[in-house]
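First the structure, in the form of structure tokens, and then the observations on it.
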Number of protein chains: 2
Amino acid sequence: MIRVAHRMNDDAINKQRKVVTLRDVSAAAGLGMSTVSRVLRNHGSFSQATRARVMKAVEELGYVPNRIAGSLASSGSNLVGIVIPSLHNIVFPDLLSGAAVALTPLGLQTVISVTDYDVAQEQKVIESIMAWRPAAFLVAGLEHSERTRALLKNSGVRVAELLDTDGEGIDIVVGFSQREAGMACARHLVERGYRRIGYVGPHFSFDPRARKRFDGFSSILAEAGMAPIETELIDGISSTEVGRGALERLLARNPGLDAVYFSNDDFAVGGLFHCYAEGISVPSQLAIMGYNGLDIGRFAPQPLTTLRTPRAEIGEIGARLVMESRGPQVVNLPFELLEGETT
Amino acid sequence: MIRVAHRMNDDAINKQRKVVTLRDVSAAAGLGMSTVSRVLRNHGSFSQATRARVMKAVEELGYVPNRIAGSLASSGSNLVGIVIPSLHNIVFPDLLSGAAVALTPLGLQTVISVTDYDVAQEQKVIESIMAWRPAAFLVAGLEHSERTRALLKNSGVRVAELLDTDGEGIDIVVGFSQREAGMACARHLVERGYRRIGYVGPHFSFDPRARKRFDGFSSILAEAGMAPIETELIDGISSTEVGRGALERLLARNPGLDAVYFSNDDFAVGGLFHCYAEGISVPSQLAIMGYNGLDIGRFAPQPLTTLRTPRAEIGEIGARLVMESRGPQVVNLPFELLEGETT
DNA sequence: CACGGATTTGGCAGCGCTGCCAAATACTCC
DNA sequence: GGAGTATTTGGCAGCGCTGCCAAATCCGTG
């Protein structure tokens, strides 16, 4: 008998140690489960005395609510799926920061996946996030596989596609025209009188937004009757080192260039450093233009001419709109050409 | 009668349009739910013919599995909670990238939250991630509220604390000694003969790791019988601009400094740029030392002397260990002093 | 002090899936 | 050809919570 009693006691202890559920809390508080649930969600009505009893029991038992069960019962989660191509380009952490500003106060959690600029991988991660029935999706860009588009469209969750407005969106689109951004950069260089222009950026198969900017850029040069741009395309991630090497190779092949447009300020600063190292005078011998308006470029010895992109705002507005649940819409945010001393 | 039949038909259609469940798939395939579940999870045994029937039904109905229900039934999610203080310091995106390398192949999703260097906020986000019963936690640093530590310890989930090994961990710890890192930087400057050293970094209340480095740094100077270091403490995020301004202020107050130690390469590069702008010769008039081994510093006109930190490796190893579910352990990774031309 | 309405509380079904076990079917060997 | 084993399949309970509705309690009034 005694041993049995001991065993039961042990079991009870183990049970408690294992997982504390709403039922345990309600038993401890001497209340019904629904009452406890109401108190914990601060939803519906209950007396202050009840609230206190619940909180006391929660505290004593160390109860942690189970949102998996809660979400199943109420068919709705507080998860927001975010899908970006990379973390190595500052644009995307900035986007995430902006989104966090809007989502955190609403008590939403972010499930974040990285695709490495691969639409197949994008499809895979969106499918697996979808299995968590997120409240909304934020995805970078407008280019997806057919299946991904269908999945997002038919799922019923709100989707915001961010950064780029050149194309057909699924639901909400927040960004700016990448093509226009490229055109603005080209106009600037053309106006300043540069005529033999080179380009350093990622391979086009890689980043569709860089390609759109390049196309826009090229179209302005063509309009001005200028020769097609010389390009140095890069595989790896955006960095100072790579930009420096890329400019060196580009100049070796095309000694007569008078300006180079870089698809990112990281690259551009690398290019600028190359010029300093080689004694190439900027901008008189070679003009350097960047893209993104990174701090590092703005406060270089010669401030870099670049184009400030509103990436944090895009993240924030995208997150806000996707939760406010209105109809589909396109929001175009302004970019700003920052004239530095390198062009 | 006809109207009733119509209504039922409508209902059936609505039902199907609304949410396709495992039950719908099993009905369409003419199989039991458990069989379909087994096929979809590729778990247990079934014939190839069965597999094909299931896949066909899944395709036709556009079934998306519900991991909320699955996780509730099997009491275990494929979510990994990641908690970092900020996204504005490159260290943390790098950490996330490293973690993704280890987690993605295992089919794990990341729930990421940012604390803004606030232990209360950290507690809040860890509590709410815990409600999703994550498979594991990755958190930056060892400094938490008492409650957070208790929650993590008692929850039974594996926890890896990343970046810092100076202190008591909860479970797995992966990083390096921040104190030692600071000491290594100080030794380098002392060896080179610098004697009046300044420091630029974030407010100490802010970032406990920066404080530990600073303490290690100071201890070496004290050992060498040198005067206490002059400091310029900063509120905002790490950036070139801020570093530039901070150095200016620091030098205005302390004209005799012969070296400045920056808590981040962003700051340090800003400082370097300030020197260039003011015609201060580096390192003969003023030595500049950074921290983190960022690309931007390595490929500046004068390569920055800095200390390379293995942050992506920390993320990757932390993620790997936390999933391999062995006992508590501390992994110390090496940092590397990179001698540039600025000291 | 009984009465009607407002407030507070409890019971129970069910969200969609998985784990367990038993049943059905296929296959092997003598 | 039938017992014995291996493979494949189905049924059902239950994971922990919420939504709905009914029951209980409280309160001010006539």
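Below, chains carry the letters A, B, ... as their sequence lines are ordered, and counting in each starts from 1.
- Using modelled atom types and a 3.5 Å distance limit, the side chains of S37(B) and S34(B) yield no donor-acceptor pair.
- Across the protein-nucleic acid pair, N66(A) atom CG and dG16(D) atom C1' stand 6 Å apart, rounded to whole Å.
- Using modelled atom types and a 3.5 Å distance limit, the side chains of Q109(B) and S128(A) yield a donor-acceptor pair.
- Residues R147(B) and E127(B) are paired through a salt bridge, judged by an N-O separation under 4.0 Å between the basic side chain and the carboxylate.
- Summarising the geometry, the separation between CG on L22(B) and C1' on dG19(C) is reported as 14 Å, rounded to the nearest angstrom.
- By the 4.0 Å N-to-carboxylate-O rule, R209(B) lies too far from D164(B) to be salt-bridged with it.
- Closest of all the heavy-atom pairs between T165(A) and V331(A) is CG2-O, 4.0 Å.
- Screening I170(B), I126(B), V139(B) against T148(B) for a side-chain contact (heavy atoms from CB on, under 4.5 Å) leaves a single residue, I126(B).
- A donor atom on one side chain and an acceptor atom on the other are not found under 3.5 Å apart for Q123(A) and H144(A).
- Atom C1' of nucleotide dG16(D) and atom OH of Y63(A) are separated by 7 Å, given to the nearest angstrom.
- Contact annotation: side chain of S34(B) to base of dG11(D), donor-acceptor pair present below 3.5 Å.
- Nucleotide dA23(D) holds its P atom 20 Å from the CE atom of M33(A), rounded to whole Å.
- The side chain of S74(A) has dT18(D) as its nearest neighbour among dG19(C), dG16(D), dT18(D).
- The distance between atom CZ of R51(B) and atom P of dT7(D), rounded to the nearest whole Å, is 18 Å.
- Residue H43(B) contributes atom NE2, which lies 15 Å from atom P of dT8(D) at whole-angstrom precision.
- What separates CD1 of I68(A) from P of dG14(D) is a distance of 20 Å, to the nearest Å.
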Tabulate protein N/O versus nucleotide N/O from nucleotides 7-9 of chain C, keeping only pairs under 3.5 Å, one per line.
residue : atom : partner : partner atom : Å
dT9(C)  : OP1  : S47(A)  : OG           : 3.4
dT9(C)  : OP1  : T50(A)  : OG1          : 2.3
dT9(C)  : OP2  : S47(A)  : N            : 3.1
dT9(C)  : OP2  : T50(A)  : OG1          : 3.2

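- Taking only side-chain nitrogens and oxygens, S37(A) comes nearer than 4.0 Å to OP1 or OP2 of dT18(D).
- The CZ-P distance, from R23(A) to dC15(D), rounds to 9 Å in whole Å.
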